[in-house]
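Step one of this worksheet: look at the structure below.
Only a predicted model underlies this, so the values are computations on that prediction, with no experimental measurement involved.
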Amino acid sequence: MDAVLICGGMIQDAFARNCLETIRPDVVIGIDRGLEFCYRNQIIPSWILGDFDSIRPEIIKWYRNQKEIPMKEYKPEKDATDTRIGLDLAIELGSDRIFLLGATGGRLDHYMGNLQALLVPAMQGKEGWILDEQNAITVLSGKKTITREMQFGKYISFFSMGDVVRGISLKGFKYPLENYDLANSDGLTISNELEEAAGTVDFKQGFLMMVMSRDQVSQTFD
């Protein structure tokens, strides 16, 4: 089961629409200002949630009048971000893959929080992705093979999501590794590339962030 969270960061409409058409999610969760994208594009979310402190009043008023859409409303003074609450909801609904749109750009603290939140699905053996026109970001909990067909852009980078990821091996990449311990202060694994038709990353311990990037902005998710 796939879920898409429409978050309140920077969002490029054509790219986001293409993502929705490609993923064809079972669940769409509109989060706070992300509802403005939904409103512009006549999207009816499966769920709505947030503290609604950053959305235009006329838009949230319109969605409040759509009584068929379940809504979860929170006070701004809460212990989790709207995006984290949306991730928890998507998992609670049974989602195996969760894609976040509008989760980059804008405030850096929110962006960092969204990156950290990708640990939530990873720790439960599920996939969580942040997507924008130039990046596809996920956190890996184990071995992953990346083919040219599934690659998002030219560059593939890896970062430790803790003090260290133990025993990383990269095969099929331009810069291979064998049993390397990657600390979170280490920049060795930035801007790698596929050398073969498929590349494999494997590691023994930890959680590994993978960032696939392209230099040019694209309006398609492929």
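- Residues meeting the side chain to side chain contact (heavy atoms under 4.5 Å, CB included) test with Leu49, sequence neighbours left out: Ile29, Ile31, Lys72, Tyr74, Asp82, Ile85, Leu89.
- The two residues Pro121 and Ala117 come nearest to each other via the heavy atoms CD-O, 3.4 Å.
- In this view, Glu21 satisfies the side-chain hydrogen bond (donor to acceptor under 3.5 Å, both in side chains) rule with no residue, not counting sequence neighbours.
- Residues passing the side chain to side chain contact (heavy atoms under 4.5 Å, CB included) test with Arg17, sequence neighbours excluded: Asp13, Ala14, Phe37, Asn41.
- A 4.5 Å side-chain heavy-atom check between Leu87 and Leu5 finds at least one atom pair inside the cut-off.
- Hydrophobic cluster membership of Val164, counting Ile, Leu, Val, Met, Phe, Trp and Tyr whose side-chain heavy atoms lie under 4.5 Å apart directly or via other members: none, as it forms a cluster of its own.
- Here the closest non-hydrogen pair linking Arg64 and Lys67 is O-NZ, 3.3 Å.
- Applying the salt bridge (Lys or Arg N to Asp or Glu O under 4.0 Å) criterion to Asp109, with sequence neighbours excluded, gives Arg107.
- Every residue meeting the side chain to side chain contact (heavy atoms under 4.5 Å, CB included) condition with Ser141, not counting sequence neighbours, appears here in chain and number order: Phe207.
- Enclosure of atom CZ in Arg148 by more than 12 non-hydrogen atoms of other residues, nucleotides or ligands within 6.0 angstrom is indicated.
- With sequence neighbours excluded, no residue forms a side-chain hydrogen bond (donor to acceptor under 3.5 Å, both in side chains) with Ser46.
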For residues 124-131, which side-chain N or O atoms pair as donor and acceptor with protein atoms under 3.5 Å away, sequence neighbours left out?
unit_1, atom_1, unit_2, atom_2, d
Glu127, OE1, Trp129, NE1, 2.8

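- Side-chain contacts under 4.5 Å among hydrophobic residues (ILVMFWY), followed directly or transitively, place Tyr63 together with Leu35, Tyr39, Ile44, Ile48, Phe52, Ile55, Ile59, Ile60, Trp62, Ile69, Met71.
- Sorted by first and then second residue, the pairs that involve residues 176-192 and meet salt bridge (charged side-chain N to carboxylate O under 4.0 Å, His left out), not counting sequence neighbours, are Arg166-Asp181.
- Taking Ser95 as the reference, Met1, Ala3, Ala90, Ile98 meet the side chain to side chain contact (heavy atoms under 4.5 Å, CB included) condition, with sequence neighbours excluded.
- Within the 4.5 Å cutoff, side-chain heavy atoms of Leu115 are placed close to those of Met209.
- For the residue pair Ile137 and Tyr111, the shortest heavy atom distance occurs at CD1-OH, 3.8 Å.
- Taking all atoms of both residues into account, the shortest heavy-atom contact from Ser213 to Asn135 is OG-OD1, 2.8 Å.
- Every pair tested for salt bridge (charged side-chain N to carboxylate O under 4.0 Å, His left out) that includes a residue from residues 195-212 fails, sequence neighbours excluded, so the list is empty.
- The two residues Met212 and Met150 come nearest to each other via the heavy atoms CE-O, 4.2 Å.
- Clustering ILVMFWY residues whenever any of their side-chain heavy atoms sit less than 4.5 angstrom apart, transitively, puts Tyr175 in a cluster other than the one holding Leu194.
- Contact detail for Leu100 and Cys7: the closest heavy-atom pair is CG-SG, 4.2 Å.
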